[in-house]
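A quick note: this is a predicted structure, and the numbers were derived from the prediction, not measured. Convention: sequence-line order gives letters A, B, ...; per-chain numbering from 1.
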Amino acid sequence: MDIIGNLAHGFAVALSFQNLLFALIGALIGTAIGVLPGIGPVATISLLLPITFGQPATTAIIMLAGIYYGAQYGGSTTAILLNLPGEISSVVTTLEGYKMARNGRAGAALATSALASFFAGTVATIVVAGSGPLLTSVALSFGPADYFSLMLLGLIISAVLAQGSVIKSIGMVVLGVALGLVGTDVQTGQQRFTFGVPELSDGISFVALAMGMFGIAEIILNLERPEARSVLKTKVGSLWLTKEEWKRATPSVLRGTLVGTVLGILPGGGAALSSFGSYMMERKVSKNRHLFGTGAIEGVAGPEAANNAAAQTSFIPLLTLGIPANAVMALMVGALIIQGIQPGPRMVEAQPDLFWGLIASMWIGNVMLLVINLPMIGMWVKLLQVPYKFLYPAILVFCSIGAYSVNNNVFDVYSTVLFAVFGYMCNKLKLEPAPLLIGFVLGPMMEEHLRRAMLLSRGDVMVFLERPISASMLAIGALAMAAMLLPNLRKGKEAALTG
Amino acid sequence: MMSGLLPRRAWLAGGAAMAALPAVARAQAAWPAQPIRLVVPFAPGGTTDLVARLLTQGLTARLGQPVIIENRPGAGATVGSAQVAAAAPDGLTLLMSNVASQGVAPSLYRNLRYDAVRDFTHIALVVENPVVFVANPRFVPRSLTEVVRFAQEAPRGLDIASSGSGSTNHLLIVQFGQATGARVNHVPYRGAGPAMTDVIAEVVPMMSDSLPSAAGHLRSGSVRGVAMASAARHPAFPEIATFREQGIDAVSNSWFGISAPAGLPAPIVERLSREIGLVLADPAVRARFAEIGATVGALSPAGYADFVAAEVEKWRPVVLASGAQVD
């Protein structure tokens, strides 16, 4: 079947009532959490994981994906109107977007953000549809050695790109890998690091770890701070862009889409990195770079296009190689495995409904988000007034039920609590939890591929250097590590990440 | 989330019955008065789960009480089995017993928390299916004799993949190596799916897989059947020669049945055995099983108990030879 035929099939799947409904639910939840500062898509998806178990895999993934790109839309609303980034990826949107709002162009900034996201989302969907199957055939030529090197590269990059100290993030990656290795050894069937606890024989529960470290820990952190949400005083104003604004925004959207599409595919990349990347680029190449800092529309259009494009293209490594590019994708791997689906190159062939349905739903989701965000902006602003004292207890109750229902096991509820405390401590010690989650997911896979490669080569380590794919991955990884040790490059990264 | 809560309610009901002994007597009088919980010791979506779901549809209609599947995966299916072994013999807790937890585990696990024969009331064998050797279509050796010669002549021996250490698929590779003296290198995977991916991608040339999981790939031609570990040629794949035909005495079946905790009252055993027999006699059910390459088994409760005991003895030397051992 050709791409058009496949896409038609995908739309047939995505347009079924159930999938449409859950795409809408996902988009709505995503927008809501995007608007609310504090709770990000990683936290939300980890909290909602248990709900998806009862659904068909396609529906589950469509909903979770909707949350992810919905959050990219919603995050910009709070950023523009309140100068509060609802999402890490919308930090840069506050820089120019809030200034635009102060200048009385809030409506124009919101419209720019929504339209740029929509355009970038459409382009990225086409890229995923076009390149996915192609990359899948490339992926089938990956042997165990190549997978190992690619995953090692992913871990290095996720450590290098994390905020704060590189040493600390490497530590978190290694700790994540160690936690991932708890349980039954695949090669021999022996139990490792279980300390005689039978509940650990199949490893630490992914849901408990993700929900505890991301969801509940984040709630504890938010409780620490007093509720500081000033209701908007600025008027939204007209949503229409002037001719001049159109002219200025268009090239930025195109550049942002390109940056986001490329950075999204890279391991360790994703929405946050792309919006920073795009903002840096606009500040350098835009014709109106002297206006940056005073409410330049380019500084909204570019990053907003980039973060949405990246949110979508970061599905490519997941759908073709089964390798998560960032923490959200690591959660998707977990969701798929719980559904009994092994993400990997055979997914296009074995799960065409899921693959093409997800792609089609990405575009449908973008249409929905455009509708949800532009005319309904007033409603989302009201959402900022729901007191946390109602929101948080409700979330905690659902988390406990969720953790229990995965295996009908109280042990998992206790693990969730433990990881919540641990996640809170990590935050206090400025230790990033995202590299840990990526290590947790990639670690066991990496070990498996390492040992399989060694088994097939009869113990010859040279196999990692003899295979061209593997050798190039290792070379890139070594370069990335070396680059981080050079002081001026490190400074550049800090400048980019702190805006 | 509701689906997650339902088995819990059934579990509570079971626990209540366990606490009050008279409840057991009452349950006996009008069995089944409450929903029945069928513990499937594997994750949803696998062969065991599929077999259980096909069976419970018919069983629910015949018993007049819902038979609810509770997936309790873990530690080679021994977690769910241990749980049922410790449950009350009131007919409200059943187990999808199988070759992994009842046949292989007694020899594989040093500290198993149950006796595969004595701690259960074995009721009925449901289905059996053979293990099959498949190869990438481009792998040159065709027959087992040619495969053995290849394994002897290749400088590094022959790699064969399986769904995991200690599985019947792995043990057939061990049996094959023992019988022929071929230099075979076992490459374990985390489940049959990823192993099949690597066979299709020619990372590993051959694989030992259970027939239901390989059937789709054999039909689509993405892999080629080399030898079937059944006594006679399989009706669904008559073109694949058996191990015996090719001079190697290896018959290896995966099997699934229904068992309960030890001491299940005789009337309940008889009723269950009869109803399961009637469900399995349904042509539609048989056709669904045949589609996935599984054959319906017909054994009396006593026959199934003997069968399990024989399986435990059959696997002991094979597991010993494989060197696999888990604490």
*Locate the shortest heavy-atom distance separating B:Val203 from A:Pro144; write the atom from each residue and the value.*
CG1-CD, 3.4 Å

_B:Arg113 atom CZ, over 12 foreign heavy atoms within 6.0 Å_ = no

_For A:Val463, all residues meeting side-chain contact (heavy atoms from CB on, under 4.5 Å), sequence neighbours excluded_ = A:Ala145, A:Ser457, A:Arg467

*Is there a side chain to side chain contact (heavy atoms under 4.5 Å, CB included) between A:Arg458 and B:Asn185 once you walk through the steps?*
CA-CA 9 Å; A:Arg458 304 292 185 274; B:Asn185 188 32; 2.8 Å; yes

*So do A:Arg452 and B:Asp198 actually touch side chain to side chain, heavy atoms under 4.5 Å?*
yes

*With A:Leu455, the side chain to side chain contact (heavy atoms under 4.5 Å, CB included) member among B:Val187, B:Val204, B:Asp159*: B:Val187

*Over 12 foreign heavy atoms within 6.0 Å of CZ, B:Arg138*: no

